Amino acid sequence: VTVTGKGLCNVSTTSHHNPDSVLTELTRALVYKGVAVQQKGYIFRGKISDPSGLAKLSFELEVVRIPNLNVVGIRRKRLKGDAWCYKKVCEEVLRMTAAGGHNRT
């Protein structure tokens, strides 16, 4: 998917030019964080549950092309749940993705 203009809201850029390598790193980061994930094409739907099994947070991450910069980005979208939890999870997953899976803290 190519995004321009208004579609660039909530998109984090990566240093990658290949969407498949971003997909691989994103998958690795989500699995490492223990996020239950469903993948459909270049879209991930993540879900984090509390100990009782209720959904605490659900969100979407989509790998997109940004033509003006000739790089690949990740569009973020919180579907439901706590905004603070969403922010923390996204920051960690995006940091791990950007680091190529080498920065696991």
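Not measured: the values here are computed from a predicted model.
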Salt bridge flag under 4.0 Å for residues Glu91 and Lys87: yes
Nearest-0.5 Å distance, CG of residue Leu30 to CD of residue Gln39: 9.5 Å
Separation of Asp20 CG from Thr24 OG1 (nearest 0.5 Å): 6.5 Å
Interatomic distance, Leu79 atom CG to Tyr86 atom OH [nearest 0.5 angstrom]: 8.5 Å
Residues in side-chain contact (heavy atoms from CB on, under 4.5 Å) contact with Ser52, at least two apart in sequence or another chain: Asp50, Leu54
Carboxylate-amine/guanidinium proximity below 4.0 Å for Glu25 and Arg28: yes
Arg78 to Phe59 - nearest heavy-atom pair and separation: CA-CB, 4.1 Å
side-chain contact (heavy atoms from CB on, under 4.5 Å) partners of Thr14, counting only residues at least two apart: His16, Val22, Val72, Ile74
For the student: nearest non-hydrogen atoms of Leu57 and Cys85, plus distance: CD2-SG, 3.9 Å
Minimum heavy-atom distance Asn70-His17, with the two atoms named: O-ND1, 2.6 Å
Value rounded to 0.5 Å, distance of CE in Met96 from CG in Leu26: 10.0 Å
Flag side-chain contact, heavy atom, 4.5 Å: Glu60 against Ile43: yes
Val64/Tyr42 under side-chain contact (heavy atoms from CB on, under 4.5 Å): CA gap, chis, key distance, verdict: CA-CA 8 Å; Val64 295; Tyr42 287 89; over 6 Å; no
Sub-4.5 Å side-chain heavy-atom contact between Phe44 and Val35: no
Contacts of Ser12 that satisfy side chain to side chain donor-acceptor pair (under 3.5 Å) - sequence neighbours left out: Arg76
Tyr32 side chain to Val93 backbone, donor-acceptor under 3.5 Å: no
Side chains of Val11 and Glu62 in contact at under 4.5 Å (non-hydrogen atoms): no
